[in-house]
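Just below is one structure, and these are the notes that go with it.
In what follows, every chain begins at residue 1, and chains take the letters A, B, ... in the order their sequences are listed.
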Protein chains: 2
Amino acid sequence: MEKLFFVTRSEENYIKTIFHLGGNSSALIATNAIAEQMETKPSSVTDMAKKLAEKGLVHYKKYQGISLTDIGIKTALSIIRKHRLWEVFLVKKLDFTWDEVHEVAEQLEHIKSEKLIDKIDELLDFPKFDPHGDPIPSKDGKFMERDKQLLSDVELNTEGVCVGVKDTSAAFLKFLDKNKIALGNTIKVLEKEDFDQSLHIEMEGKALHISHQIASNLYIKKND
Amino acid sequence: MEKLFFVTRSEENYIKTIFHLGGNSSALIATNAIAEQMETKPSSVTDMAKKLAEKGLVHYKKYQGISLTDIGIKTALSIIRKHRLWEVFLVKKLDFTWDEVHEVAEQLEHIKSEKLIDKIDELLDFPKFDPHGDPIPSKDGKFMERDKQLLSDVELNTEGVCVGVKDTSAAFLKFLDKNKIALGNTIKVLEKEDFDQSLHIEMEGKALHISHQIASNLYIKKND
DNA sequence: ACAAATTTTTAGATTTGTCTAAATTTTAAT
DNA sequence: ATTAAAATTTAGACAAATCTAAAAATTTGT
């Protein structure tokens with residue numbers, strides 16, 4: 001039986017970042033990569049790595065890198081579950097727009113109450129995806145990775161549905177709103193410009209010309 | 001124009017405690033009283049008093065005591081507003097019992113987002129009282145103090161409605177649940193035992209015998 | 001009013017999370 | 001293979017929030 005440690009807010013943020021950079025794989029994540037992602041210094045990451053290793057949340061070998069232990073992964077999934085459920089709550093129940101939810105969810109994800117998040121889950125009727133199309137882990141840490149591709153990667157004439165965004169920045173999301181691009185919209189790729197990789201697409205019946213930068217941040221699920 | 005400081009979680013907890021001990025009056029609160037209430041040491045209170053004074057949230061005179069400034073009072077009311085609105089949310093929307101809400105609300109009250117709490121307020125249809133009968137300050141810091149008295153203080157044959165509790169501990173609230181005593185219930189005081197101050201009452205039509213300890217923690221509003 | 005008791009503050013230490021600057025290790029290049 | 005560059009760690013410092021123990025101020029009792 002592993003000893004139970006209290007996990008601080010700062011530790012939770014590190015765990016979350018390590019998960020996002022490395023997934024559930026045992027690949028070693030570089031100190032620098034974590035520091036850059038968190039906008040902190042590599043030396044701070046080293047300090048925290050020792051603390052997390054002490055608590056059994058990460059594997060850490062000096063100069064090699066950091067990866068999550070099984071407990072670390074479980075912890076990360078629990079935080080991500082909370083973050084994404086709160087995002088759904090904010091959008092569905094409180095009329096937040098999808099570009100507004102991240103900052104508040106960053107705070108709410110640290111609230112410690114199993115009952116609270118399970119009740120929120122129930123209130124929302126157990127959603128499987130958050131407002132950006134990212135999957136919500138279940139209580140026991142499982143989640144469905146949706147069959148999706150970047151719009152920039154699919155062949156000409158592919159038809160499908162917009163199911164998610166890669167870039168979740170407020171700037172990008174507001175751009176999508178302004179251009180009436182929303183999850184659930186039908187998409188067909190009509191033409192690809194060789195010169196700048198921009199795409200001519202049909203979205204919900206209307207013709208649209210989008211840059212490569214936009215296409216490489218939109219996920220679509222191809223029609224069967 | 002007063003300088004705007006970030007108020008930390010710990011500072012918010014001190015502000016809240018000072019408000020609860022001293023209200024909006026300018027009465028000076030003793031270092032010891034605050035320390036006892038917060039289960040901390042007087043020396044820690046002194047340290048924090050200096051910090052809060054620096055930020056313009058309290059008046060502090062060495063050896064004299066501490067009281068909130070106008071900004072401090074505004075800050076306190078904002079925290080209390082958030083705490084009580086979250087309590088209502090937990091009970092009304094997530095089926096928490098009134099003895100379960102305090103601990104979670106203690107965390108939620110520190111979430112920083114004006115839009116969030118205003119939307120929660122709206123979702124709950126702008127409640128005026130929390131699950132324990134305590135008034136919820138409005139956005140601009142006003143709240144109605146209800147016309148209420150301790151059940152132990154009213155005269156014989158008084159009739160009224162149970163509108164609040166003084167002791168909000170889980171133990172007391174669970175006791176009330178077990179004995180089917182709830183806010184909104186009608187109450188009539190039938191007889192007072194001189195020996196131990198216990199009361200014979202009629203609650204929702206049924207006879208009940210309650211100790212002085214219970215009666216001195218229940219608020220009732222007398223019928224007109 | 002003065003000594004004793006109480007309250008409050010100060011001084012110095014501790015923990016957490018961070019930083020800078022210097023030292024060390026690893027990686028890459030020729 | 002040796003050196004230069006890059007990444008990483010260590011050492012020492014700092015701010016926030018707390019504590020203990022000692023000093024100072026206030027209050028109380030006679």
Side-chain angles (χ1 to χ4, degrees), chain A residues 3-18 21-22 26-68 72 75-76 79 106-107 109-110 112, chain B residues 3-18 21-22 26-68 72 75-76 79 106-107 109-110 112:
Chain A
K3 203 166 165 187
L4 293 173
F5 287 98
F6 177 79
V7 182
T8 69
R9 173 173 296 230
S10 182
E11 286 165 351
E12 286 190 344
N13 284 330
Y14 275 93
I15 297 280
K16 199 175 45 146
T17 300
I18 296 165
L21 288 173
S26 57
L28 292 171
I29 313 299
T31 306
N32 258 5
I34 298 168
E36 195 175 339
Q37 182 72 27
M38 298 188 71
E39 295 183 3
T40 181
K41 302 294 167 185
S43 54
S44 305
V45 177
T46 300
D47 288 344
M48 184 55 84
K50 291 174 183 167
K51 233 176 294 182
L52 293 174
E54 193 82 19
K55 292 188 176 184
L57 293 161
V58 304
H59 299 295
Y60 171 57
K61 281 282 174 79
K62 265 197 208 177
Y63 295 102
Q64 304 301 120
I66 302 165
S67 68
L68 294 175
T75 305
I79 302 163
E106 286 284 300
Q107 298 181 63
E109 73 189 2
H110 299 293
K112 285 170 171 49
Chain B
K3 202 168 164 184
L4 292 173
F5 287 99
F6 176 80
V7 182
T8 68
R9 174 173 296 230
S10 182
E11 286 166 352
E12 286 189 345
N13 285 329
Y14 275 92
I15 296 280
K16 198 175 45 147
T17 301
I18 295 165
L21 289 172
S26 57
L28 292 171
I29 313 300
T31 305
N32 258 6
I34 297 168
E36 196 175 339
Q37 181 74 26
M38 299 188 71
E39 296 184 4
T40 183
K41 303 293 166 183
S43 54
S44 305
V45 177
T46 300
D47 289 344
M48 184 57 83
K50 290 174 184 167
K51 233 175 298 183
L52 294 174
E54 192 82 18
K55 293 189 175 185
L57 294 161
V58 304
H59 299 293
Y60 170 57
K61 283 279 173 85
K62 266 196 204 181
Y63 295 103
Q64 303 301 121
I66 302 165
S67 68
L68 295 175
T75 306
I79 303 164
E106 286 283 301
Q107 297 181 63
E109 74 190 2
H110 299 293
K112 284 171 171 49

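Distance alone, capped at 3.5 Å, places no donor-acceptor pair between the A:Q64 side chain and the A:L28 backbone. Using modelled atom types, one side-chain atom of A:K55 and one backbone atom of A:F6 make a donor-acceptor pair closer than 3.5 Å.
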How would you summarise protein contacts on nucleotides 16-28 of chain C per nucleotide, using B for base, S for sugar-phosphate only and - for none, with heavy-atom distances below 4.0 Å? SSBBB---BSS--

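The shortest side-chain heavy-atom distance between B:H110 and B:N13 falls under the 4.5 Å cut-off. By the 4.5 Å heavy-atom criterion applied to side chains, B:E109 and B:E12 are not counted as neighbours.
Of all non-hydrogen atoms in A:P42 and A:N32, the two that sit nearest each other are CG-OD1, 3.2 Å. In terms of heavy-atom proximity, B:A35 sits nearest to B:K41 at CB-C, 3.8 Å.
Note: B:I79 CD1 to B:E11 CD = 10.0 Å, rounded to the nearest 0.5 Å.
The span of DNA chain D lying next to chain A, judged by atoms under 4.0 Å from heavy atoms, is bounded 5' to 3' by D:dA7 to D:dT10.
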